[in-house]
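Naming: A, B, ... by sequence-line order, numbering from 1 per chain.
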Amino acid sequence: GQSGLGKSTMVNTLFKSKVSRKASQPGQEERIPKTVELQSVTHVIEEKGVKMKLTVTDTPGFGDQINNENCWDPIIKYINEQYERYLREEILITRKRKIPDTRVHGCVYFVPPTGHWLRPLDLEFMRRLSKIVNVVPVIAKADTLTLEERAEFKQRIQEDLKTHAISVYPQEDFDQDPDDRALNDRIREKIPFAVVGADQEHQVNGKRVLGRKTKWGIIEVENPAHCEFPLLRDLLIR
Amino acid sequence: QNDGFRTLSLSGHVGFGSLPDQLVKKSIKQGFCFNILCIGETGSGKSSLINSLFNTNFDDPESTHFLPSVQLRARTYELQESNVLLKLTIVNTVGFGDQINREDSYQPIVDYIDAQFEAYLQEELKIKRSLCSYHDTRIHVCLYFISPTGHSLKTLDLLTMKSLDSKVNIIPIIGKADGISKTELQNFKNKIMCELVSNGVHIYQFPTDDETVSEINTIMNGHLPFAVVGSTKEVKIGNKTVRGRQYPWGIVQVENENHCDFVKLRNMLICTNMEDLREQTHARHYELYRRCRLEEMGFRDIGPQNKPVSLQASYEAKRHELYLELQRKEEEMRQQFVHRVKEKEAMLKEAEQQVQTKFEHHMLMHQEVKLQLEKNKKILEDEIAVFYEKKANAELLQSQASVSTPVVSLKRDKDRK
């Protein structure tokens, strides 16, 4: 997603830890690069004895230039490179017991909260990438939309995706049995999730919650009535 | 990309601690498969043991002792416990050890195991492959039944196990162990383990690197080979019905740990180490087979200058090699063809030459004969001319004489003439 849509904050909120690129390279000047770059940071996190190696890849410069033609090419190239690397390991005669897996498991695409339709850039990108990776579109900075505007925006996006035959995660083709399909249909009704990210805690009703403080109230990130961040977290992690 | 991974601590509950549960759910849905190979002489108790292990009657008919060669019979069953589905394949060696000449007894077994590896390799090498739905028939464990002689291993046992130990996980078992007494049993076990070690046979060792199971596995490793008794019949003891064998002198209970090692075998094989057996088969035995096979086919990881070579490069190199070979063969054939044509031409020319000479010779003969005939003809013509002259003279004389002499005397003269 474009810069300024809250990607780093979102990823920090998801993993309750400073996993974003900005957080791991403090002091670097914020500049918009002239071409799309891909920067990956890998972390090791542990919960309840389960260790996970989490790699977060960011795309600074995406959609930021005046002419954004083919800005998805470096991204597609990166994803295919990971597949190539894995394939090369798999094809060896003497291959490793555990092949190191750097393949991209999920791609979260941040749609700006215009409230209208998907932009041509969004459509082009998602059309190309949904063929090679699991794409999860989210409406970023959703605290600028009211609930009705949100519902309408979602409806329009779903129509757009269907018209252009873009299959986002969870893809209908991969439904394995009726139970799976029922579960995934419920998710598909709500896509794209309208999310708000926050990494600061505030006091609400005596509890400490993650949220954004504004003059007219506190937006609680983990409150399903306020935003759909919990749904995104459940889909991606739990 | 950062190569040093940072370790971060979480400030709240994220939820990926449920990853193992997600895996479990998926695995249960997919179901598992497990393949057992039983090797043992006919009547060593294989079917009874399998029936007892899985608490079912697998309906395997008894086989005769008179099969001419060893055959492998595989049967697949679908079992369910709780909500876990298991596709169990049991492969029996029929006729093992029955022949008088047993030199070829173990080869069919080795071939069978290799064939399963080959089938998996072929599936893995396909372009459009379906490994998730592939029915894995590779043998995960081989239960080798040792006859309860009480002395030592037979040569056939050693040979067979040696030929299989790098291809499959072997667990040696003493079948029909109710014929051996407790003291004899320990000696027998020790003897067997010594012989296996001294002959360099690698049997399956229960894994001891995972702390949760290392203790129990180490103890069990010391009890190998398991002395088991199997039974398909149930007997009444007190008010319980258990699997057992009824003798006049008592009842051998299959599940009584004092009577035999059946419970140990079941726990080790199914409860504790089934997954390790499957993993060892895939990660060790299958990888070895795959490596040997690919090297056989001419593929290498490292090229001639010790640089890594990709599979694609190997393919290209091989294809180029074969292409050059093809060209060479073509050239050879072409040359041979030209050579043969030349030979044939020379032959024909010679024959033509011969025919020509004969013809000329005949022509000459013909000429000579013709000349000769002409000569003869001339001579004859001359003779004819002389004859006519004489005839004319004679007629003249006759006409002169007819005036003065009778006809008779003339006749006489004529006859005389």
Subject >> Atom pair CZ/CZ of B:R284 and A:R97 - distance to nearest 0.5 Å >> reply: 8.0 Å

Original post:
Rounded to the nearest 0.5 Å, how far does CD of B:Q22 lie from CD1 of A:I237?
Top reply: 9.5 Å

When you look at [atom1] of [X], are more than 12 heavy atoms from neighbouring residues, nucleotides or ligands closer to it than 6.0 Å?
X: B:Q80; atom1: CD; result: yes
X: B:H135; atom1: NE2; result: yes
X: A:Y169; atom1: OH; result: no
X: A:K213; atom1: NZ; result: no

**OP:** Check side-chain hydrogen bond (donor to acceptor under 3.5 Å, both in side chains) between B:Q122 and all other residues, then give those that pass, not counting sequence neighbours.
**Re:** B:E118

Original post:
Do you know the tightest heavy-atom contact between B:L294 and A:I93?
Top reply: CB-CD1, 3.5 Å

Could you pull out all donor-acceptor pairs under 3.5 Å where a side-chain atom in residues 319-326 of chain B meets a protein atom, sequence neighbours excluded?
unit_1, atom_1, unit_2, atom_2, d
B:Y323, OH, B:Q327, NE2, 3.4
B:E325, OE2, B:R328, NH2, 3.0

Original post:
Between A:E46 and chain B, which part of the residue has a heavy atom less than 4.5 Å away: side chain, backbone, both or neither?
Top reply: backbone

Original post:
Between A:L236 and chain B, which part of the residue has a heavy atom less than 4.5 Å away: side chain, backbone, both or neither?
Top reply: neither

**OP:** Heavy-atom pairs under 4.5 Å with chain B are the metric here; pick the option from A:K48, A:M52, A:R233 that has the most.
**Re:** A:M52

**OP:** Enumerate by number any residue of residues 177-190 of chain A whose heavy atoms lie under 4.5 Å from heavy atoms of chain B; in the absence of such residues, state 'none'.
**Re:** A:D177, A:D180

**OP:** Indicate yes or no: at least one non-hydrogen side-chain atom of B:F16 is less than 4.5 angstrom from one of A:I45.
**Re:** yes

Subject >> Engaged part of B:R290 at the chain A interface, taking heavy atoms whose separation is under 4.5 Å >> reply: side chain

Original post:
Taking only residues two or more places apart in sequence, or in another chain, which ones meet B:P20 in a side chain to side chain contact (heavy atoms under 4.5 Å, CB included)?
Top reply: A:V50

